[in-house]
2 protein chains.
Amino acid sequence: MDNLSARRAKTLKDIAELAGVSVTTVSKVINNYSDVSDSTRAKVQAIIHKESFCPDPVASSLSGKASYSIGVILRYNPVWGLHHSFFYKVMFGLGRRLGQLNYDCVVFPDAWLGEPVDYLEKCVRRRVDGVVLMGVDFDSPNLEALAQSDLPCLFIDIVGDNYPGKNGYFLAWDHYQGACQAVDYLYALGHRQIGLLGGLPNTYPARSHRDGFKQRLSQYGLAIREEWIAGDDFTEESGYYAMKTILQQSSIPTAVVCQSDATAVGALRALEQAGLSCPGDVSIVGYDDIEVCRYTHPALTTIRQDTLLLGRMAADTIIECIREGCAPREQILPVSLIVRDSCRRIESNA
Amino acid sequence: MDNLSARRAKTLKDIAELAGVSVTTVSKVINNYSDVSDSTRAKVQAIIHKESFCPDPVASSLSGKASYSIGVILRYNPVWGLHHSFFYKVMFGLGRRLGQLNYDCVVFPDAWLGEPVDYLEKCVRRRVDGVVLMGVDFDSPNLEALAQSDLPCLFIDIVGDNYPGKNGYFLAWDHYQGACQAVDYLYALGHRQIGLLGGLPNTYPARSHRDGFKQRLSQYGLAIREEWIAGDDFTEESGYYAMKTILQQSSIPTAVVCQSDATAVGALRALEQAGLSCPGDVSIVGYDDIEVCRYTHPALTTIRQDTLLLGRMAADTIIECIREGCAPREQILPVSLIVRDSCRRIESNA
DNA sequence: CGTTTCCCAGAAACCGCTTTCGTTAATTAG
DNA sequence: CTAATTAACGAAAGCGGTTTCTGGGAAACG
């Protein structure tokens with residue numbers, strides 16, 4: 001059983017002995033110091049490769065270098081119910097990719113109840129090389145300290161413009177295009193009267209989505225009727241009441257596009273309760289492509305955000321940012337339309 | 001800004017100076033060594049408390065002691081779609097509780113694609129103090145090495161009897177009682193003809209659930225009709241086909257209890273397709289209380305498993321196991337019935 | 001040919017904590 | 001009152017790396 005006893009990871013010292021050099025030299029090779037001759041460097045590197053050696057992350061971080069770990073700040077929000085699997089997938093994609101890059105991620109859940117956690121303190125203690133924030137909404141004071149610190153931070157799926165960071169990286173979806181795709185699709189089906197079930201109005205996703213929505217309507221020469229635009233946040237409840245409000249108008253749209261699948265589900269409920277059918281009376285396009293879309297009646301046509309991809313991008317971005325120290329920036333990921341059963345073709349009556 | 005520069009965590013040395021003793025002594029106080037006088041101990045402890053000092057986990061683990069970190073092995077399974085938020089919540093509950101106990105968790109996602117990860121190696125390198133496994137199904141050879149190692153392992157929501165560990169802890173739900181509650185409820189509503197939509201037959205959850213189901217039926221003097229028992233696994237597809245199979249029988253049950261909400265959703269689809277209504281023709285009790293239950297038509301009556309509680313218990317258990325080194329054992333958590341709209345009262349016709 | 005550089009390599013200190021081991025002072029025994 | 005224990009503390013050597021600093025040998029210089 002070399003499994004039990006001999007199970008001891010190789011150390012710098014082992015490599016040094018194999019190569020017939022000092023520990024110092026091996027370390028220098030690894031850290032790309034210049035004062036190593038080409039021949040020694042090659043010799044050492046050969047052995048490192050042969051033994052597939054990788055410096056101990058714990059020791060490495062203790063001596064002030066990379067810990068090869070990324071902090072992940074998670075948030076649990078009862079309101080997001082339907083959305084949690086979204087985060088799970090992002091997180092999985094992130095973790096998996098990080099693993100490939102030889103990083104691990106350590107998660108810091110939000111406190112949720114009780115005293116708030118000091119993210120910065122936790123990150124410093126764990127010596128993480130960078131931080132990824134998911135589903136945070138900037139209401140925590142402790143978040144700001146983190147964002148203002150020297151630690152590279154990556155904000156995912158941000159909600160809110162006023163992020164506190166000076167050095168934040170953003171990963172977001174192209175909500176503008178998402179809205180465009182929804183409108184394009186509905187227009188192609190013959191819809192000319194289209195409403196919007198929005199999320200938290202002043203947030204980045206909601207606003208860019210709304211902008212895309214209005215842009216397309218204008219482009220097609222359709223009227224933007226403010227009474228067909230409703231909604232407070234991204235929850236199912238909000239969708240329900242928003243739809244109800246719209247249904248009280250003297251004339252109602254033939255289709256609505258939603259800013260989340262949860263609102264779409266709420267809209268569905270409002271329609272049913274009003275004795276209307278989807279897509280018979282009103283067509284609906286959701287947003288997010290969470291699991292439930294497939295199980296609603298009718299199954300929801302929606303805009304997919306590839307969560308595993310997002311996770312992978314997040315990993316690549318934060319690592320690059322750590323290694324290259326690149327400047328803060330924002331990355332926008334494409335979204336795609338997933339057609340299911342919640343939209344119907346309309347006879348020309350524009 | 002003591003934020004920036006003075007932002008350096010206290011070290012043993014700082015405490016030692018404040019207390020006027022040596023670093024060694026402080027360390028001994030922390031690690032409960034006996035060769036410290038009561039008075040010094042008290043003095044040092046006072047300062048530790050005052051400064052709310054906690055030894056650096058990285059340094060501590062490097063010198064062979066606790067790393068104050070727990071490894072979490074996550075699995076992403078496309079088949080579990082609807083179930084992912086379940087894991088998210090468990091994980092959140094786990095992480096939050098661990099945080100309270102001053103532990104952090106580092107996650108190791110399953111490889112999913114590409115070469116499998118060597119869990120044991122990862123855990124050893126990260127020097128985690130224990131491991132929690134969620135949603136694994138023991139098909140990975142590398143899992144076995146972990147379970148056979150000296151690392152305390154905790155298996156959550158296990159699927160399968162033949163877990164490979166010699167020192168595993170289990171945290172599971174009381175599926176037996178879950179089934180009983182479902183049957184009791186249906187019986188009280190007047191149902192006398194009850195079927196079962198099962199999951200993977202030879203797994204622990206499925207079998208204990210089935211046992212409870214049959215026990216209750218017998219207890220009430222109801223016939224156990226094998227042709228009303230169907231299902232291959234816990235997916236929506238399985239539920240769909242299982243329900244279809246049952247509907248093909250000459251007589252059909254007035255109610256079915258399911259071993260997962262996903263199967264219940266599938267059953268709902270099969271019913272609708274057959275032109276039958278729920279709960280009009282067939283009542284359904286789900287299992288798990290995942291988010292979708294609230295959004296199906298009708299909303300699903302189901303058996304709730306408190307995921308946040310599970311996470312918390314997992315944290316407490318693994319920590320206790322690490323600290324006290326207690327013997328492997330199995331903990332069974334209670335479940336509870338959540339009544340919604342998928343069951344109806346039946347007039348007496350037994 | 002003797003000096004001054006430059007190039008490489010290794011010794012040593014350090015990161016923050018644990019643990020062994022030695023030392024001193026106080027206690028008990030003889 | 002001395003000898004043998006015992007109690008209490010601290011110096012020092014790790015853990016596995018990183019980094020500074022020192023020094024020897026070869027090349028370049030006068």
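Throughout, a chain's letter reflects where its sequence line sits, starting with A, and its residues are numbered from 1.
Separating the CD1 atom in A:I319 from the CG atom in A:N102 is a distance of 10.0 Å, to the nearest 0.5 Å. Here the CG-CG distance, from A:L133 to A:L171, works out to 12.0 Å after rounding to the nearest 0.5 Å.
In this structure, the NZ atom of A:K13 is 15 Å from the C1' atom of C:dG10, given to the nearest Å. In this structure, the CG atom of A:L62 is 9 Å from the P atom of C:dC15, given to the nearest Å. Regarding B:K65, its NZ atom lies at a distance of 19 Å from the C1' atom of D:dG16, rounded to whole Å.
For A:Y88 and B:Y88, the gap between ring centers reaches or exceeds 6.0 Å. Note: B:F92 and A:H84 fail the aromatic proximity criterion, with ring centroids not under 6.0 Å apart.
Every residue was checked against the side-chain hydrogen bond (donor to acceptor under 3.5 Å, both in side chains) condition with A:S85, not counting sequence neighbours, and none meets it. A:S60 meets the side chain to side chain contact (heavy atoms under 4.5 Å, CB included) test with A:K65, A:Y68; sequence neighbours excluded. In this structure, A:S63 has no side chain to side chain contact (heavy atoms under 4.5 Å, CB included) partners at least two apart in sequence or on a different chain. In this structure A:S67 satisfies the side chain to side chain contact (heavy atoms under 4.5 Å, CB included) test together with A:S61, A:S69, A:R127, A:D129, sequence neighbours excluded. Residues passing the salt bridge (charged side-chain N to carboxylate O under 4.0 Å, His left out) test with A:D316, sequence neighbours excluded: A:R97.
Contacts between residues 101-108 of chain B and DNA chain D, defined by a heavy-atom separation under 4.0 Å, are absent. Of the residues in residues 43-61 of chain A, those lying under 4.0 Å from DNA chain D by heavy-atom distance are A:F53, A:P55, A:D56, A:A59. Looking at residues 14-29 of chain A, you'll see A:V21, A:S22, A:T24, A:T25, A:K28 sit with a heavy atom under 4.0 Å from some atom of DNA chain C.
Pairs of residues two or more places apart, or lying in two chains, that qualify as salt bridge (charged side-chain N to carboxylate O under 4.0 Å, His left out) and include a residue from residues 98-107 of chain B are A:K122-B:D104, A:R126-B:D104. Among residue pairs with one or both ends in residues 14-35 of chain A, those qualifying as salt bridge (charged side-chain N to carboxylate O under 4.0 Å, His left out) are A:R8-A:D14, A:K28-A:D35; sequence neighbours excluded.
As judged by a 4.0 angstrom heavy-atom cut-off over every strand, A:R41 is placed among residues making no nucleic acid contact.
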Could you go over nucleotides 24-28 of chain D and give all protein N or O partners under 3.5 Å, atom names and distances?
none

Output, in order, the C-alpha distance, side-chain angles, deciding distance and verdict of side chain to side chain donor-acceptor pair (under 3.5 Å) for B:T40 and B:S37. CA-CA 5 Å; B:T40 353; B:S37 73; 2.2 Å; yes
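End-to-end axis angle of the helix from C:dC1-D:dG30 to C:dG30-D:dC1, from C1' rotation axes over five pairs per end: 60° (rounded to 10 degrees).
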